[in-house]
Amino acid sequence: MTSEPLARDGSDDMSRRGLAAGSVGLLGAVVIGVSCVAPAYTLTGALGPTASEVGAQVPAIFAVGFIPMLLVALGYRELNLYMPDSGTSFTWATRVFGPWVGWMAGWGVIVATVVVLSNIAAIAVDFFYLMLAQLLGRPDVAALTDSLPVNIATCLIFIALATLVSYRDMQTTQRLQYALVGFQLVVFVGFGLVALVRWLTGTAWNPTPIELSWFNPLAVPDASTFIAGVSLSLFIYWGWDVSLTVNEEADDASSTPGRAAVLTVMTIVSVYMFVTIGSMMFAGLGEDGIGLGNPAIQDNVFFALARPVLGPFAILLSTAVLVSSAASLQSTFVSPARTLLSMGYYGAMPEKLGEISPRFLTPGRATVVSAVAASTFYTLLRFVSTSVLWDTVQTLGAMIAFYYGLTAFAAVWYFRGKWFSSVRNFFFTLVSPGLGGLILFLLLGLTLKDSLNPEYGSGSQVFGVGLVFVLTLALILLGVVLMLVQYVRAPAFFRGEVIARSDAVTEELKVATVLEEDDGEASQLRAAS
């Protein structure tokens, strides 16, 4: 079949695969987006390493890392306005650059989310046993996470529970996420607020006054340190685009998801900046005790800060991180499931993946496949080595930069006929996505270059090449192999027979023609009557 142009209101039948239309509102989409980013869990792992890289300029680096995310989000919003489709990057890149490039964009989304799912599950396991240890007053319970059979079994249980919720209707997901996201944000923002109050009252551990230099990216010691910090910041913002994958289930497919994506990014950066500044003012950046520069606490800064800041309520912070990772584990399933659904629907993946659960109106089969992939990936790599598992996180920088950047360029090229039609279009369809895409592709090239070094990541190597680069290349080649297999099985999609290339001006002309024809038919009917 050849795809028909989408109406700008997203009402075309091709965008309706049986998903529960109108089940997600603006607040629900934002909550799902914030949940997927998981601010409490993400900042727990990112604040220490970032502080070790850039020192006092952590707020500046977080702000700079936010810029390409916002620019790309604006481009995503424009694409969603014209082409609301649950396949997002896959569908948009296919319409603009053709089936082969579009398939790899979809693969980038799937790989990134499967890797994240496995690692989020690992964090959830760690904090689950840490919380139990705190509740029971038995530190030895926290060590259960080091037992391979216990760790893997617990992880698989968490993934199964998250899959069960994701398989059900979107209302179930939203209700759960309202509670989980609300709890983690209240605790996390409350932590930052208490830290600031303690600084104001002189009861902070190492009272450190705020300085303007904290917000100056030019104060970072050197270019390589700056790039390393910004690359790390890509991970802490990743996941906001899940708000767009529910566009076919939104109450207004053309506007709600795009607005939700931008609001998600804005919410996340606000939380990060507030909590980071509060932590810096409370503990300082020293290398002793709970100073953020202490290498001994950088893997889990908030575990070290929890009791000094919150006192007897310290358990709330570890619970918030657990809740954050659990919430993200569930909401992250939304993205790969809907990408696989779209790819199956268009014949880019086996058609079975395009099936909808008739009871819950969700991409049931695709959700289960995503869960099996994440479970298998985690189990195999956990048996190989924990360091190998964590090295996969480093590959995310390349995958994120690839498919975000590619989608941003798709927005630029799709709207090429409208760049200069208005000031708004010039900024939102050319400058914003173009600049965001360039920044991300620059970071992609630098990440690949740096990852060749055997010392990159955990320091593991294969024949003198860094393991992170090897893993990145292996995942890309796996995608190429699967793409070629699907081409042999069902070549129609790759021949351009399913999704035709298009641009904004052409689509508007087609829609206008359809409307004129409809008006003509209506006039004839009125005349006949």
_Donor-acceptor check, side chain of Y272 to backbone of I236, threshold 3.5 angstrom: yes or no?_
yes

*Please identify each residue that fulfils salt bridge (Lys or Arg N to Asp or Glu O under 4.0 Å) with R365, with sequence neighbours left out.*
E355

*Among all residues two or more places apart in sequence or in another chain, which pass the salt bridge (Lys or Arg N to Asp or Glu O under 4.0 Å) test with R138?*
D140

Return all side-chain donor-acceptor pairs below 3.5 angstrom for residues 39-50, not counting sequence neighbours, or 'none' if the list is empty.
unit_1, atom_1, unit_2, atom_2, d
T42, OG1, V37, O, 2.6
T42, OG1, A38, O, 2.8
T44, OG1, A40, O, 2.5
T50, OG1, A46, O, 2.7

Partners meeting side-chain contact (heavy atoms from CB on, under 4.5 Å) with [X] (sequence neighbours left out):
X    : result
S432 : L71, L74, F427
V220 : V54, Q57, I61, T225, F226
P257 : N80, L244, N247, A250
V197 : T201

Can you list, pair by pair, the side-chain donor-acceptor contacts under 3.5 Å of residues 180-196, counting residues two or more places apart and other chains?
unit_1, atom_1, unit_2, atom_2, d
Q184, OE1, S324, OG, 2.9

Side-chain donor-acceptor contacts of residues 279-288 below 3.5 Å, not counting sequence neighbours, with atom names and distances?
unit_1, atom_1, unit_2, atom_2, d
S279, OG, V275, O, 2.8

_For a quick test of reading the model, state the closest non-hydrogen atom pair linking G33 to T264 and the distance between them._
C-CG2, 3.6 Å

*asked:* Checking N151 now: which residues fulfil side chain to side chain donor-acceptor pair (under 3.5 Å) with it, not counting sequence neighbours?
replied: T145, Y378

*asked:* List the residues meeting side chain to side chain donor-acceptor pair (under 3.5 Å) with W92, not counting sequence neighbours, and say none if there are none.
replied: none

*Carefully, step by step, assess W240 and Y76 under the rule ring pair (Phe, Tyr, Trp, His ring centres under 6.0 Å).*
CA-CA 11 Å; W240 55 264; Y76 269 62; 5.0 Å; yes

Output side-chain donor-acceptor pairs under 3.5 Å for residues 310-323, partner residues at least two apart or in another chain, one line each.
unit_1, atom_1, unit_2, atom_2, d
S318, OG, Q134, OE1, 2.6
S318, OG, I315, O, 3.0
T319, OG1, I315, O, 2.7

*Min side-chain heavy-atom separation I210-W199 under 4.5 Å*: no

*Could you tell me whether M266 atom CE has more than 12 heavy atoms of other residues or ligands within 6.0 Å of it?*
no

